[in-house]
Amino acid sequence: MAFLATISGRENLLLSNTLNNNFTCSRKPLPSHSYSFLRKKIQASNVANSFQTFQVKDQEISSKTEKFILPKFDFQEYMEMKEIKVNKALNDAIPMQEPIKVHEAMRYSLLAGGKRVRPILCMASCEVVGGDESLAIPAALAVEMIHTMSLIHDDLPCMDNDDLRRGKPTNHKVFGENTAVLAGDALLSLAFEHVATKTRNVTPQRVVQAIGELGSAVGSVGLVAGQIVDLASEGKQVSLSELEYIHHHKTGKLLEAAVVCGAIMGGGKEVDVERMRNYARCIGLLFQVVDDILDVTKSSDDLGKTAGKDLMTDKATYPKLMGLEKAWQLAGELVAKAMDELSYFDAAKAAPLYHLANYIAHRQN
C-alpha cells in the first residue's frame, strides 16, 4: 500500500506505480492502443454546510488520451437478461416459510432490486474461461446473499446507522434491529449452503476452492477487516494507503470473490483464474472510487441511499483526500488496467467484462 498521502506534481506517476506494485493489476505493459473514456458532466449535490462540497464542470474519467474501442456488444440487453435470471433464481432460493418474519426480512433486502453486478460478474467470468453460466449460478447467488448481508449489517445503528437502501427503508427500520441481525446471519449461512448443495457438474475440488474464496472474502482478512478498520478510522486523519486498505477489503474482496469463483467454476486454468483476480482487484477499487465520487456529486434520489453521508460523518474518501479531479484520474487508471487483463482472453467472450468495467466506471448510482 504505497499511495502518496498528499498530492504533488508527481501524482500521475505515483498513482501508476502504486497500481502496478500493490494491486498487480497487469502482468504486461499496456498495449499501444490504450484507452479513452466518455466525458462526464456532474454537479455537486447538497451536503451539510459545514463540509466542503466538490464541484467539477467537465472531467474525463481517465488521464489517458489514446483510444480503446470496446467490442461491439448489446450490453443493456445482456444486463437486463442476466438480471431477470438472477432475480428469479434468488426468489426461488428463499421461499416464504416458517419462521415467517426472518424469511420476510431476508427476502425484503435480497429482492429489493440493485444492479446485480456481482452475480453477473461471476457468470461472465465463468463464460470467459470457457464454462457455461449454469455452472456458476449457485456461486453467483451466494455472492449476492453475502453482499446483501453486508448491506443489512452495515446499515445498523451500531455501524453506519443508515435509513435508506436501494430507495427503500433499511432492513432494521422495517423489521427491527434484532431481526435485521438475524436475517443477515441467515443469508450468510445460506450462501455457503447454496454453493455446497446446488452446484452441479463441477468437481468437488473446485467447489471447495470456491467456498474457500468466499469465506476468505467475507471474513476477518476480507470484508470484516475493511469494516473494522473503517469504523476505527472515523473522525481521524486517514492516509491514501489506509483508505485503499479499507476499500480493497470492505468492497473489493467480495467483488473479487465473485469473479474468481466464476472462473473456478468455469474450469479456468490457474493462470486464467489469476488474470481474472487481477481484473477484479482493479474494478473492485474502481467501484469504491466511483462510489465516493457519486456520494458528493449526486442526490439521495439519484443514489437510492443517503447522499453526502461520508462527508457528514467525516469519513475519508478519495475526493476528500485527492480532490475530485484526481479521483476521476485514478478511476481511469483502474479501468484501463482492468481492461488490459482481458486482452489475454477471446474478445467475444470477454465483451461483457469489458463493458462491465466501463459500466462501473460510468455508473450514476
Side-chain angles (χ1 to χ4, degrees), residues 83 86-87 89-122 139-195 214-220 222-231 234 246-247 249-258 284 287-288 291 295 300 303-307 309-310 313 315 365:
E83 184 179 339
V86 168
N87 285 336
L90 287 171
N91 181 67
D92 294 342
I94 305 181
M96 280 298 297
Q97 56 186 315
E98 295 290 345
I100 295 297
K101 188 172 184 180
V102 72
H103 286 97
E104 186 179 3
M106 292 164 70
R107 288 172 58 85
Y108 175 82
S109 292
L110 188 65
L111 304 178
K115 296 170 283 292
R116 307 304 187 196
V117 170
R118 290 162 187 82
I120 294 173
L121 277 167
C122 185
L141 301 189
V143 170
E144 192 69 1
M145 291 175 191
I146 293 171
H147 175 55
T148 301
M149 173 279 298
S150 73
L151 299 181
I152 294 173
H153 285 181
D154 198 44
D155 290 335
L156 289 168
C158 63
M159 302 286 274
D160 277 359
N161 192 24
D162 223 329
D163 297 338
L164 196 65
R165 174 69 67 178
R166 290 173 173 169
K168 299 172 64 177
T170 47
N171 197 287
H172 68 274
K173 286 293 181 180
V174 177
F175 298 97
E177 291 179 37
N178 51 3
T179 299
V181 170
L182 293 172
D185 293 345
L187 284 167
L188 178 61
S189 299
L190 179 60
F192 291 97
E193 176 188 344
H194 199 75
V195 175
L214 284 174
S216 176
V218 75
S220 61
L223 187 153
V224 170
Q227 183 70 68
I228 200 158
V229 174
D230 188 27
L231 289 171
E234 286 187 11
I246 290 169
H247 291 324
H249 289 78
K250 184 178 176 180
T251 302
K253 279 286 190 178
L254 187 57
L255 197 148
E256 178 183 329
F287 194 97
Q288 189 59 55
D291 207 58
D295 187 68
S300 296
L303 298 178
K305 60 181 181 180
T306 307
K309 187 75 182 293
D310 292 337
T313 56
K315 277 193 173 183
N365 55 36

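Positions are given from 1, in the same order as the sequence printed here.
To the nearest 0.5 angstrom, Lys253 atom NZ is 12.5 Å from Leu214 atom CG. Note that CD of Gln288 and CG of Leu255 are 11.0 Å apart. Values are rounded to the nearest 0.5 Å. To the nearest 0.5 Å, atoms CD1 (Ile100) and CD (Gln97) are separated by 8.0 Å. For the atom pair Met106 CE and Leu90 CG, the distance stands at 11.0 Å (nearest 0.5 Å).
Closest non-hydrogen pair, Gly222 versus His249, comes out as O-CB, 3.2 Å. Considering all non-hydrogen atoms of both residues, Ile94 and Leu187 come closest at CD1-CD2, 3.6 Å. Scanning all heavy atoms of the two residues, the minimum distance from Val86 to Pro119 falls at CG1-CG, 3.9 Å. Across Lys173 and Asp163, no two heavy atoms sit closer than the pair CE-OD1, 2.9 Å. When all heavy atoms of Arg166 and Ser109 are compared, the pair lying nearest together is NH1-O, 3.3 Å. Contact record, Ala105 with Thr179: CB-CG2, 3.8 Å, taken as the closest heavy-atom pair.
Val224 has its side chain out of reach of Val218: every pair of non-hydrogen atoms, C-beta onward, lies at least 4.5 Å apart.
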Which atom pairs, donor and acceptor, lie under 3.5 Å between side-chain atoms of residues 140-156 and protein residues at least two apart or in another chain?
from   : atom 1 : to     : atom 2 : distance (Å)
Glu144 : OE2    : Arg116 : NH1    : 2.7
His147 : NE2    : Arg118 : NH1    : 3.3
Thr148 : OG1    : Glu144 : O      : 2.8
Ser150 : OG     : His147 : O      : 2.6
His153 : NE2    : Val181 : O      : 3.2
Asp154 : OD1    : Gln227 : NE2    : 3.4
Asp155 : OD1    : Arg165 : NH2    : 2.8
Asp155 : OD2    : Arg165 : NE     : 3.1

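More than 12 heavy atoms of other shown residues, nucleotides or ligands fall within 6.0 angstrom of atom CG in Leu231.
Take Lys101 and apply the salt bridge (Lys or Arg N to Asp or Glu O under 4.0 Å) test, not counting sequence neighbours, and it matches no residue.
Counting only residues at least two apart or in different chains, ring-ring contact (aromatic ring centres under 6.0 Å, His included) contacts with residues 96-117 comprise Tyr108-Phe175.
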